[in-house]
Peer 1: 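Sharing a structure, written as structure tokens. Questions coming.
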Amino acid sequence: MDTHAHGPAHDHGDGGGHAHDHPHDHAHDQSHDHPQDHGTDAGGPAPVVADASVRLARATDAPAVGLVQAVVLRETLGSVLPADRLADLEHEGLLEARTLASAWRASLERPPSPDHVLLVACAGEQVVGLAAVGPSPDPDALSEGAAELLVLAVHPEARRAGHGSRLLNAAVDVSRGRGRSAVCAWVPAADEAALAFLTGSGLEPDGATRRRLLDPTDPTDPVAEAGAPGGTDDAAVPEVRLRASIATD
């Protein structure tokens, strides 16, 4: 989903697997499969996936990442934004794959911080999903050592194959390896599929809410506060925050 108005599908695993102390230097490859990727259909068998894996993104992945996010953004925002606001975003080119790819390439070449990490899910060599994680900007979450899942998206044609869960598990490993004790994610309150996906994987609402405006050109913080310059509150998306502990015993 980009889920999130950030553009992804959200899914949270239980944090299994070992943590990576240096996530920029190691790929994360998990073979276990979880069928509950965000946006999947209830019926039908899960597709067979050859060589499914998760690894750190490279700058050369930007076009594929932009394509996946553009598809998922349109899907997600179609259910949470007014039609005229969605049309405005389309008209401004903010949901174009090449626009998003350019933003991701810039972020990959010049990360906002050492703690910002982009992971990609692959079916063979094909990038079919992405997850971005970074330090939470929320003062209360940051004080508790929380990382934020900024984006989690799986292409609709690649769902029901465990990519979302692999991405989430890898994001948890990366966050834990950076010393984070919790992970949180902001989700559109109307995005029932994303909420079900994340809560089914262990995250729970912590009571925090906000209204946000989409800015897909910033992949590390793809929304702006309602009431920001150039925005209107009636186009803001109500969101709720989910959280889970990832602290080790």
Side-chain angles (χ1 to χ4, degrees), residues 1-4 6-18 20 23-76 95-98 100-105 107-108 117-133 149-175 185 191 193-194 196-198 200-201 216 219 222:
M1 85 189 163
D2 206 333
T3 124
H4 214 59
H6 304 190
H10 288 79
D11 166 25
H12 186 89
D14 60 5
H18 60 279
H20 296 300
H24 283 289
D25 299 327
H26 299 277
H28 187 110
D29 188 342
Q30 297 180 344
S31 60
H32 57 277
D33 183 69
H34 299 266
Q36 296 182 343
D37 291 341
H38 164 62
T40 59
D41 295 330
V48 176
V49 179
D51 300 324
S53 63
V54 172
R55 61 171 172 78
L56 293 168
R58 302 182 284 262
T60 53
D61 294 319
V65 169
L67 175 61
V68 172
Q69 190 178 28
V71 171
V72 180
L73 265 177
R74 289 187 175 94
E75 175 189 63
T76 301
L95 302 183
E96 294 294 327
R98 61 183 178 181
L100 297 167
S102 178
W104 279 115
R105 183 182 296 276
S107 179
L108 286 165
V117 177
L118 176 63
L119 301 157
V120 292
C122 300
E125 296 298 319
Q126 180 65 43
V127 171
V128 296
L130 65 141
V133 65
L149 181 66
L150 300 166
V151 177
L152 177 57
V154 176
H155 195 284
E157 295 180 2
R159 292 176 186 162
R160 290 181 53 78
H163 296 298
S165 292
R166 278 185 287 272
L167 283 166
L168 259 297
N169 286 334
V172 166
D173 281 356
V174 165
S175 300
D191 193 343
F197 193 39
L198 281 171
S201 300

Peer 1: Going from CG on L67 to CG on L100, what distance comes out if it is rounded to the nearest 0.5 angstrom?
Peer 2: 10.0 Å

Peer 1: Provide the closest heavy-atom pair for H163 versus A158 in the form atom of the first, atom of the second, distance.
Peer 2: CD2-O, 3.1 Å

Peer 1: What distance do D61 atom CG and L118 atom CG have between them, rounded to the nearest 0.5 Å?
Peer 2: 8.0 Å

Peer 1: Can you see which heavy atom on L198 is nearest to which on A185, and at what distance?
Peer 2: CD1-CB, 4.2 Å

Peer 1: Please name all residues satisfying side-chain hydrogen bond (donor to acceptor under 3.5 Å, both in side chains) with R98, sequence neighbours left out, ordered by chain then number.
Peer 2: none

Peer 1: With A64, which residues qualify under side-chain contact (heavy atoms from CB on, under 4.5 Å), at least two apart?
Peer 2: V127

Peer 1: Would you indicate whether the side-chain heavy atoms of L56 and L119 approach each other to under 4.5 Å?
Peer 2: yes

Peer 1: Minimum heavy-atom separation for A59 and L108, please, with both atom names.
Peer 2: CA-CD1, 3.9 Å

Peer 1: Decide side-chain contact (heavy atoms from CB on, under 4.5 Å) for V72 and H155; before the verdict, give the C-alpha distance in whole Å, the side-chain angles of both, and the deciding distance to 0.1 Å.
Peer 2: CA-CA 6 Å; V72 180; H155 195 284; 5.5 Å; no

Peer 1: Can you give me the closest heavy-atom contact between V154 and V68, atom names plus distance?
Peer 2: C-CG1, 4.3 Å

Peer 1: Taking all non-hydrogen atoms of both residues into account, name the closest pair between A161 and R166 and its distance.
Peer 2: O-NH2, 2.6 Å

Peer 1: What are the two closest non-hydrogen atoms of A131 and L149, and how far apart are they?
Peer 2: CB-CD1, 4.4 Å

Peer 1: Let me confirm one number: the CZ-CD distance from R74 to Q69, rounded to the nearest 0.5 Å.
Peer 2: 11.0 Å

